[in-house]
Visitor: 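Submitted below is the structure of interest, expressed as structure tokens.
For clarity, every value in this text was computed on a predicted model and none was experimentally measured.
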Amino acid sequence: MIDRAVEFAKHNTPNSLRVAARRAQMEARNTRMRLTVPVVDRNEFDNVFHCTVRKTGSQWIKALFSDPAVYRHSGLLPYDPRFYSGGVTAPVPAGRTGLAIFLSHRRFEAVPKAGTYRAFFVIRDPRDVVVSSYFSLRNSHAPMGDIPQARKVLQEKPKKEGMLHVIERLRDKKQFGQMRSWATAPPAETFRLFRYEDLTGERQAEEVDRLLRHCGITLPTPELEALLARYSFTRMKKGGDAPGRISHYRKGAAGDWRNHFDDDIYAAYLAAAGDLAELLGYPTRDDPTEARDGQEPATR
């Protein structure tokens with residue numbers, strides 16, 4: 001009952017009150033977890049950082065790292081810096097996993113760290129990001145921030161004009177630039193790139209296990225399988241009562257952009273993002289072969 005009330009507040013109140021409600025909800029869940037879930041494996045790192053851009057499964061990742069099974073095998077509590085003073089550029093307290101951090105690599109490096117850490121950045125074919133952003137903004141994303149204004153614009157435009165508008169929006173919000181910054185960052189032991197398509201594909205269990213191990217977290221196979229089952233795409237799309245539920249989740253197939261981009265849209269995308277898709281290891285427009293599961297981005 002309390003969680004449903006908080007959910008209603010998140011979607012139907014001013015931003016300041018919505019942020020306070022989400023912070024209260026997260027802290028209440030963390031308190032319950034501390035009191036009821038014994039930690040069997042303490043993580044060797046003070047923090048884990050989940051860095052990404054929007055429409056790369058950020059809410060799904062957030063749900064995984066907020067699950068009691070991950071806490072039991074790491075002792076790290078979930079922490080969304082957007083709901084706290086200072087936001088994403090403020091230090092994340094030790095013993096927390098900083099979730100959904102939307103920063104370029106340079107800006108992330110400038111954020112003070114509590115101690116030792118591991119970070120990961122989730123990439124996705126930026127052309128699919130455009131398509132996913134269009135449908136989310138137009139139809140399903142919670143009405144927060146400037147979403148209502150963007151939705152009104154998109155619902156008044158034909159689909160093609162709407163796609164062009166979304167490309168401009170992503171460019172202006174530096175989303176393409178953020179992805180490029182992580183792809184071209186000097187290799188480091190502290191961070192690694194993971195592909196959305198691999199995390200959600202046929203080899204999901206193997207890839208999620210690789211991600212968790214990079215973060216110093218090892219889940220026994222039965223617990224990992226149960227974790228992924230709890231947050232399967234079918235359950236997430238239905239928006240069940242599981243912690244971190246996602247009511248606006250839409251899983252587009254890899255390469256779905258081919259069903260929506262015409263020559264004009266592709267030209268606008270190239271003007272905004274350049275060779276970003278190829279830089280990240282995705283096929284060119286003329287190559288219908290999608291990147292193989294587990295293949296590293298070209299720069300990594």
Visitor: May I have the step-by-step check of side chain to side chain contact (heavy atoms under 4.5 Å, CB included) for Y266 and W257, ending in yes or no?
Guide: CA-CA 10 Å; Y266 206 91; W257 62 269; 3.4 Å; yes
Visitor: Given F120, which partner from the list F65, Y196, W182 fulfils the ring-ring contact (aromatic ring centres under 6.0 Å, His included) test?
Guide: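 Exactly one option meets the ring-ring contact (aromatic ring centres under 6.0 Å, His included) with F120, and it is F65.
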Visitor: Could you walk me through whether D80 and R22 pass the salt bridge (Lys or Arg N to Asp or Glu O under 4.0 Å) check?
Guide: CA-CA 9 Å; D80 192 327; R22 297 185 74 172; 5.3 Å; no
Visitor: Between R180 and L276, what is the shortest heavy-atom contact and its length?
Guide: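 For R180 and L276, the tightest heavy-atom pair comes out as NH2-N, 3.4 Å.
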Visitor: Looking at every heavy atom in both L99 and P78, which two are closest together, and how far apart are they?
Guide: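 Minimum heavy-atom separation between L99 and P78: CD1-CB, 3.6 Å.
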Visitor: Is the ring pair F194/H214 parallel, tilted or perpendicular, if the boundaries are 30 and 60 degrees?
Guide: tilted
Visitor: Keeping the roles fixed (side chain from W60, backbone from Y231), state whether a donor-acceptor pair exists under 3.5 Å.
Guide: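 Yes.
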Visitor: Please determine if R96 and E27 form a salt bridge, counting it only when a charged side-chain N lies under 4.0 Å from a carboxylate O.
Guide: yes
Visitor: Salt bridge check: are K152 and E156 linked by an N-O gap of less than 4.0 Å?
Guide: yes
Visitor: Establish, yes or no, whether the cationic atom of K113 lies under 6.0 Å from the six-membered ring centre of F108 and within 45° of the ring axis.
Guide: yes
Visitor: What do the steps show when you test R203 against D198 for salt bridge (Lys or Arg N to Asp or Glu O under 4.0 Å), and what is the final call?
Guide: CA-CA 7 Å; R203 296 166 58 186; D198 295 339; over 6 Å; no
Visitor: Please determine whether a side-chain nitrogen of the Lys or Arg among K160 and D262 lies less than 4.0 Å from a carboxylate oxygen of the Asp or Glu.
Guide: yes
Visitor: Say whether, by atom type as modelled, one donor and one acceptor occur between the side chain of N47 and the main chain of P93 under 3.5 angstrom.
Guide: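 The answer is yes, because a donor-acceptor pair under 3.5 Å joins these two groups.
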Visitor: After noting the C-alpha distance and the side-chain angles of I123 and T56, does the key distance pass the side chain to side chain contact (heavy atoms under 4.5 Å, CB included) rule?
Guide: CA-CA 7 Å; I123 63 172; T56 56; over 6 Å; no
Visitor: Judged by atom type as modelled, is there a donor-acceptor pair below 3.5 Å linking the side chain of S181 to the main-chain atoms of Q178?
Guide: yes
Visitor: Is it true that E189 and R118 make a salt bridge, defined as a side-chain N closer than 4.0 Å to a carboxylate O?
Guide: yes
Visitor: Going by an N to O cut-off under 4.0 Å, is there a salt bridge joining D125 and R258?
Guide: no
Visitor: For the backbone of K55 and the side chain of S132, can you confirm whether one donor and one acceptor N or O come within less than 3.5 Å of each other?
Guide: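 No.
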